[in-house]
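Report on the structure given below.
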Amino acid sequence: MATKRKVIVTGFQPFGEHTVNASWVAVQELERLGLGQSVDLHVCEVPVEYKTVQSLLPQLWKQHQPQLVVHVGVSGIATAVTLEKCGHNHGYKRVDNHGFCPDSQCCVDGAPDCIDSVIDMGLVCKKVNSSSLGVTVVVSEDAGRYLCDYTYYMSLYLGKGRSAFIHVPPLEKPYSAQDLGKALQAVVGEMLELMGAVEDDDLQRCSHQHAH
């Protein structure tokens with residue numbers, strides 16, 4: 001029997017004007033829907049605090065050894081489900097829910113300015129938009145230099161690019177919790193398909209090399 005693929009999906013706690021955080025509502029909806037029999041899905045609500053993210057993410061990666069970690073955040077300016085291509089190391093000047101901001105204004109000292117996800121977000125976007133989902137998906141290269149971007153960068157750094165970030169609009173602007181849950185299910189499903197295809201290619205390449 002094939003081993004289940006382990007996937008972690010996180011949402012954020014409320015902050016600022018977001019007294020209900022659409023990201024965590026959407027992630028709970030995804031948990032209800034599931035990602036199919038072959039995926040072991042673990043969900044987690046992340047506080048909007050730099051220090052907690054610094055300690056929580058290494059624990060999640062180490063404890064679960066996931067194939068993929070997807071972080072979901074809310075964006076007050078988003079009107080579509082937004083796939084972020086990369087995370088940024090510098091520029092963290094906004095204080096968190098505890099009024100704290102890193103002195104260095106960066107995630108990881110001495111690490112690259114920007115880390116890209118191994119997932120081709122443009123391709124995921126194309127595939128989901130060509131389905132009959134009814135939710136628009138777009139791609140972005142700026143996750144906002146706040147806890148969303150900070151969390152994404154940390155996961156990209158810890159997971160060697162095996163992470164994704166999805167921004168969702170606030171609830172009912174225009175999508176319901178159910179719409180967002182279905183969108184997450186479709187998007188994460190496509191990401192796993194792509195990662196599986198890449199792994200299959202790598203395996204074939206290895207066996208081909210050994211054959212010669």
Side-chain angles (χ1 to χ4, degrees), residues 1-13 21-47 52-53 55-74 81-87 115-128 131 133 135 137 139-140 143 147-168 175 177-203:
M1 194 178 118
T3 52
K4 285 191 168 191
R5 298 206 274 181
K6 190 164 275 191
V7 176
I8 297 172
V9 182
T10 74
F12 284 98
Q13 287 182 356
N21 195 318
S23 69
W24 180 234
V25 175
V27 169
Q28 288 176 296
E29 190 63 27
L30 171 66
E31 184 182 29
R32 195 180 65 75
L33 293 168
L35 287 168
Q37 293 297 313
S38 63
V39 176
D40 180 8
L41 172 62
H42 176 83
V43 305
C44 170
E45 187 181 24
V46 178
T52 306
V53 167
S55 58
L56 177 67
L57 287 188
Q59 282 171 22
L60 282 178
W61 277 96
K62 193 176 174 187
Q63 184 187 339
H64 296 283
Q65 303 281 309
Q67 185 185 7
L68 173 66
V69 175
V70 180
H71 300 291
V72 185
V74 66
V81 171
T82 306
L83 312 183
E84 301 292 348
K85 291 174 83 166
C86 53
I115 301 177
D116 289 313
S117 173
V118 297
I119 297 162
D120 182 340
M121 297 300 175
L123 190 53
V124 173
C125 181
K126 205 155 107 185
K127 288 189 162 195
V128 176
S131 72
L133 185 67
V135 172
V137 181
V139 175
S140 156
L147 262 296
C148 290
D149 211 342
Y150 190 86
T151 301
Y152 192 21
Y153 186 90
M154 282 287 298
S155 253
L156 289 167
Y157 180 79
L158 292 164
K160 299 178 174 57
R162 285 178 300 112
S163 185
F165 198 101
I166 304 168
H167 264 122
V168 297
Y175 303 116
Q178 289 77 15
D179 291 334
L180 293 176
K182 282 183 195 155
L184 291 185
Q185 186 185 43
V187 167
V188 177
E190 287 295 350
M191 288 175 176
L192 286 169
E193 286 272 319
L194 276 185
M195 290 181 83
V198 169
E199 279 171 15
D200 290 346
D201 280 354
D202 287 348
L203 282 172

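Residues take their numbers from the sequence shown, with the count starting at 1. Keep in mind that this is a model prediction, so the values were computed, not measured.
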query = What heavy-atom pair brings Ala164 and Met121 nearest, and what distance separates the two atoms?
reply = CB-CE, 3.7 Å

request  = Give the minimum heavy-atom separation between Pro58 and Val53, together with the two atoms involved.
outcome  = CD-O, 4.1 Å

note = NE2 (His71) and CE (Met154) are apart, to the nearest 0.5 Å, by 9.0 Å

task = Could you tell me which residues satisfy ring-ring contact (aromatic ring centres under 6.0 Å, His included) with Tyr175, sequence neighbours excluded, listed by chain and number?
result = none

task = Can you sort out the partners of Gln28 under side chain to side chain contact (heavy atoms under 4.5 Å, CB included), two or more places apart, ordered by chain and number?
result = Trp24

ask   = Is any side-chain heavy atom of Val46 less than 4.5 Å from a side-chain heavy atom of Thr52?
value = no

query = Out of Leu60, Val70, Leu68, which one pairs with Ile8 under the side chain to side chain contact (heavy atoms under 4.5 Å, CB included) rule?
reply = Leu60

task = Evaluate side-chain contact (heavy atoms from CB on, under 4.5 Å) for Cys148 paired with His167, printing each intermediate quantity in order.
result = CA-CA 9 Å; Cys148 290; His167 264 122; 3.4 Å; yes

note = Between His64 and Lys6 the two heavy atoms that sit nearest each other are O-CD, 2.9 Å

inquiry  = Nearest 0.5 Å, please: how far is CG in Leu57 from OH in Tyr150?
reply    = 9.5 Å

task = Compare every heavy atom of Tyr152 with every heavy atom of Ser117, then report the nearest pair and how far apart it is.
result = CB-OH, 3.3 Å

ask   = At their closest point, which heavy atom of Ser131 faces which heavy atom of Val128, and how far apart are they?
value = OG-O, 2.6 Å

query = How long is the span from the CG atom in Leu41 to the CG atom in Leu33, to the nearest 0.5 Å?
reply = 10.0 Å

query = Taking the side chain from Arg162 and the backbone from Pro66, do they hold a donor-acceptor pair closer than 3.5 Å?
reply = yes

query = Does Gln37 CD have over 12 foreign heavy atoms under 6.0 Å away?
reply = no

ask   = Can you tell me how far CD of Gln13 sits from OG of Ser23, rounded to the nearest 0.5 angstrom?
value = 10.0 Å

inquiry  = If we ignore hydrogens and angles and just use 3.5 Å, is the side chain of Arg5 paired with the main-chain N or O of Gln67 as donor and acceptor?
reply    = no

request  = Determine, stepwise, if the pair Val25 / Leu180 fulfils side-chain contact (heavy atoms from CB on, under 4.5 Å).
outcome  = CA-CA 9 Å; Val25 175; Leu180 293 176; over 6 Å; no

key: Side-chain (Ser163) to main-chain (Val69) donor-acceptor, under 3.5 angstrom   = yes

request  = Mind listing the closest non-hydrogen atom pair of Phe165 and Val72 along with its distance?
outcome  = CZ-C, 4.0 Å

message = Evaluate Val187 against Val124 for side-chain contact (heavy atoms from CB on, under 4.5 Å), listing each step before the verdict.
response = CA-CA 7 Å; Val187 167; Val124 173; 4.0 Å; yes

key: CD-CZ distance between Gln178 and Arg32, expressed to the nearest 0.5 angstrom   = 7.0 Å

message = Does Lys182 form a side-chain contact (heavy atoms from CB on, under 4.5 Å) with Leu133? I'd like the steps, not just the answer.
response = CA-CA 8 Å; Lys182 282 183 195 155; Leu133 185 67; 4.1 Å; yes

task = First locate atom CG of Leu35, then atom CG of Leu30, and finally report the distance between them rounded to the nearest 0.5 Å.
result = 5.0 Å

